[in-house]
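These notes concern the structure reproduced below.
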Amino acid sequence: MAQPNRNARQWKFLDIFTAMFFSLVLLFFLLVFTPFGDPLAYSGRQALLLSTSDPKQRHRFVSLVELGEHRQPIDPCPPDSVDHMPCEDPKRNSQLSRYMNFYRERHCPLPDEMPLCLIPPPLDYKIPIQWPESLHKVWHSNMPHNKIATRKGHQGWMKEEGPYFIFPGGGTMFPDGALPYIDKLRRFMPIKGGIIRTALDMGCGVASFAGSLLAEGILTLSFAPRDSHKAQIQFALERGIPAFVLMFGTRRLPFPAFAFDFIHCSRCLIPFAAFSGVFFFFEMLLIHSFLISTSFVRCSMKKYWIGFADATYFIEVDRLLRPGGFLVISGPPVQWPKKEREWEELQAVARALCYELIIVEGNTVIWKKPDRDPCLKPNEFRIGLCDESDDPNVAWYVNLKRCVTPSFINGGYAIGKIPGWPERLLSAPSRALIMNNGIDLFQADTRRWATRVAYYKNTLKVKLGTPAIRNVMDMNAFFGGFAAALETDPVWVMNVVPARKPLTLDIIYDRGLIGVYHDWCEPFSTYPRTYDLIHVASIDSLTKLPGSRNSSCSLVDLMAEIDRMLRPEGTAVIQDSPE
């Protein structure tokens, strides 16, 4: 009879014992020779940096940092997060409704859902090429995304050349370059002379149009969503051109009324007169149910169509365009094959709002907005005037509205009635009159920041005025006095007006500067490593509830967000009280 194989059970037991022994040895080395063994690791530090499973642990870690008891730098995020934008996360937002591109708008995770770590630069990252050379070329290794160069190179967007991406200055509607296209526009618009100063470029590509307008003294804020091209806004910012990640979807754009002298769309594919009112109503009910919930839901919806077009997007453009301002649309549907119905509807909306048709040439149309209070003709779009209770300057997470905004100050905002550039920079605008002591506040703010900026340059030796600093952000801009004091420097400034503070962004635009509304308890809509200098006055107020000493978010998270936006070797200037 065969003998039983006793060695089989013996070796199985030895394998288990050996594995346990070496596991304990490995754990010992981890505890002794790595950060897992320090006292902060005991409080769950590493778990906090790499996981969001326990909000209590995260709160405990934030408290340690705020109390100064955190002795080591916050750890870097994983390498695959080099381009991470928390509020524009395609994987997270893909669960949302597609209607009016709701899923491509901002949808921010709660702070407890975000790992507290620092975004690393990509492999082989180099300090960006300085302005103005950066307008024409950037390092390939800083954004190794070849998709646009491959798909759009024949249209003059960009191309790869050795260690660089090169920008010939073209676009889909101007493959021979933006300069000949601008020369065509100047035949019908006052491009030079300071009449037009602030512009908005919708669906901007790599922002060559905006970059070319800088030589004309026109400051253009370009926007596009995070889309299949992946990095178009990232390329624009790397070039040193004002740009912002934004989707024209279900909400007002985060700008005040009558902000822009000129609004431009070159094949931006925005359906200015495409959505039906009933379809919008039913879909928005489900979107609202998402907004009041605490977690993501998948929206399933049938499309209902009725026989009238909805001019909601055109109406939003009208809210943003200064009376007497210019609207230029190039590409579909303007005299475009198989887009005849859309083109007719677009013209009908413009007629209903009394826009003056300047020219239709090829696939480009130029309109001029009336320089008086809205002239609203009877129309099939069911457009009416907004109620007096609607504040057209409130635009932070506000749904689009199907009503026209009156301009209340009898043309006081109109092009031709406000000073031209650069005189408007230091002239107190009519909208400052609405504030109590607004003119005095404006003048005092201008003087204060001229003095402080001189101190930054001469005493603190901040490299303002040198090629080392091009992209600048002011996180708490108020009247834009800081940006105004930098006007002679080779910089552009993103003026951010916190959405829970007095809404003074309209005054900033009246000065000929640009900016956005934002709530600093959420991440900003930009890529990592996009600003050379970030400036903030009264930083503690950015986390406080209005009229309260209580914080609505953490200063630690805000500082981590500053780190995300700031380029390596960039500068942060914080002006505040000693406390």
Side-chain angles (χ1 to χ4, degrees), residues 128-138 155-158 164-224 232-233 235-244 259-266 322 325-328 330 364 366 415 419-425 464-472 483-484 486-495 509 511-515 532:
I129 295 170
Q130 294 181 347
W131 180 265
E133 189 180 2
S134 63
L135 181 63
H136 307 292
K137 67 178 183 181
V138 301
Q155 295 175 349
W157 283 41
M158 56 186 286
Y164 306 108
F165 280 121
I166 304 297
F167 300 90
T172 303
M173 296 305 298
F174 40 91
D176 296 328
L179 292 179
Y181 176 72
I182 292 171
D183 286 339
K184 181 174 76 170
L185 297 182
R186 79 170 74 246
R187 290 158 42 204
F188 312 103
M189 297 168 51
I191 296 293
K192 274 194 176 297
I195 297 174
I196 293 176
R197 168 61 179 174
T198 57
L200 182 68
D201 191 16
M202 305 183 291
C204 61
V206 293
S208 291
F209 178 70
S212 298
L213 283 176
L214 288 169
E216 309 288 350
I218 296 177
L219 186 59
T220 305
L221 181 54
S222 302
F223 78 81
Q232 50 187 321
I233 293 298
F235 282 117
L237 288 161
E238 187 80 0
R239 298 176 69 187
I241 301 172
F244 182 59
F260 297 99
D261 308 328
F262 169 29
I263 295 181
H264 178 255
C265 156
S266 174
R322 188 178 297 277
F326 294 87
L327 171 61
V328 176
S330 293
T364 299
I366 302 177
I415 288 178
W421 180 261
E423 291 77 18
R424 64 194 275 187
L425 179 67
L464 287 163
T466 75
I469 295 178
R470 170 62 183 171
N471 298 353
V472 178
L486 299 177
E487 183 48 40
T488 59
D489 294 345
V491 303
W492 69 272
V493 181
M494 177 66 85
N495 292 282
Y509 274 94
R511 303 186 75 166
L513 305 172
I514 57 174
D532 301 300

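Numbering of residues begins at 1 and proceeds along the displayed sequence. Below, each value reflects all heavy atoms present in this structure, side chains not excepted, and no hydrogens, waters or symmetry copies.
Scanning all heavy atoms of the two residues, the minimum distance from Ala236 to Ala207 falls at CB-CB, 3.6 Å. Of all heavy-atom pairs spanning Leu425 and Arg511, the tightest one is O-NE, 2.8 Å. Nearest heavy atoms, Pro180 versus Gly177: CD-O, 3.3 Å. The two residues Leu237 and Ala243 come nearest to each other via the heavy atoms CD2-O, 3.6 Å. Between Leu219 and Gly512, the closest heavy-atom pair is CD2-O, 4.0 Å. The two residues Ser134 and Glu238 have their closest heavy-atom pair at CB-O, 4.0 Å.
Taking CG of Leu135 as the reference point, atom CZ of Phe167 lies at 9.0 Å (rounded to 0.5 Å). Atom CD1 of Ile196 sits about 14.5 Å away from atom CH2 of Trp421, to the nearest 0.5 Å. Atom NE2 of residue His136 and atom CZ of residue Arg239 lie 8.0 Å apart, to the nearest 0.5 angstrom. One finds the CD1 atom of Ile195 at 14.0 Å from the CZ atom of Phe262 (value rounded to the nearest 0.5 Å). Between atom CZ of residue Phe223 and atom CG of residue Asp201 there is a gap of 8.5 Å, rounded to the nearest 0.5 Å. If you take CD1 on Ile218 and CD1 on Ile191, they are separated by 4.5 Å, rounding to the nearest 0.5 Å.
Between Asp261 and Arg197, none of the side-chain N atoms (NZ, or NE/NH1/NH2) sits under 4.0 Å from a carboxylate O, so this pair counts as no salt bridge.
Side chains of Ser266 and Tyr181: no donor on one and acceptor on the other come within 3.5 Å.
Under a 3.5 Å cut-off, the side chain of Asp532 and the backbone N or O of Asn471 do form a donor-acceptor pair. Put simply, the side chain of Thr466 gets close to the backbone of Ala468: a donor and an acceptor are under 3.5 Å apart.
Relative orientation of the His264 and Phe209 rings is parallel, given thresholds of 30° and 60° on the angle between their planes.
Side-chain contact between Tyr509 and Leu221 is present, with at least one heavy-atom pair separated by less than 4.5 Å. Side chains of Ile233 and Cys204 form a contact here, defined as non-hydrogen atoms less than 4.5 Å apart.
Applying the ring-ring contact (aromatic ring centres under 6.0 Å, His included) criterion to Tyr164, with sequence neighbours excluded, gives Trp139. With sequence neighbours left out, the ring-ring contact (aromatic ring centres under 6.0 Å, His included) criterion links Phe165 to His140, Phe235.
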Report the C-alpha separation of Ile514 and Thr220 in whole Å, then their side-chain angles, then the decisive distance to 0.1 Å, and conclude whether the side-chain contact (heavy atoms from CB on, under 4.5 Å) test is met.
CA-CA 8 Å; Ile514 57 174; Thr220 305; over 6 Å; no

Where do Val328 and Ile263 land on the side-chain contact (heavy atoms from CB on, under 4.5 Å) test, with the steps shown first?
CA-CA 6 Å; Val328 176; Ile263 295 181; over 6 Å; no

What do the steps show when you test Leu513 against Val493 for side-chain contact (heavy atoms from CB on, under 4.5 Å), and what is the final call?
CA-CA 8 Å; Leu513 305 172; Val493 181; over 6 Å; no

Let's go through Phe244 and Met494 carefully: what are the C-alpha distance in whole Å and the side-chain angles of both, what is the deciding distance for side-chain contact (heavy atoms from CB on, under 4.5 Å) to 0.1 Å, and is it a yes or a no?
CA-CA 9 Å; Phe244 182 59; Met494 177 66 85; 4.2 Å; yes

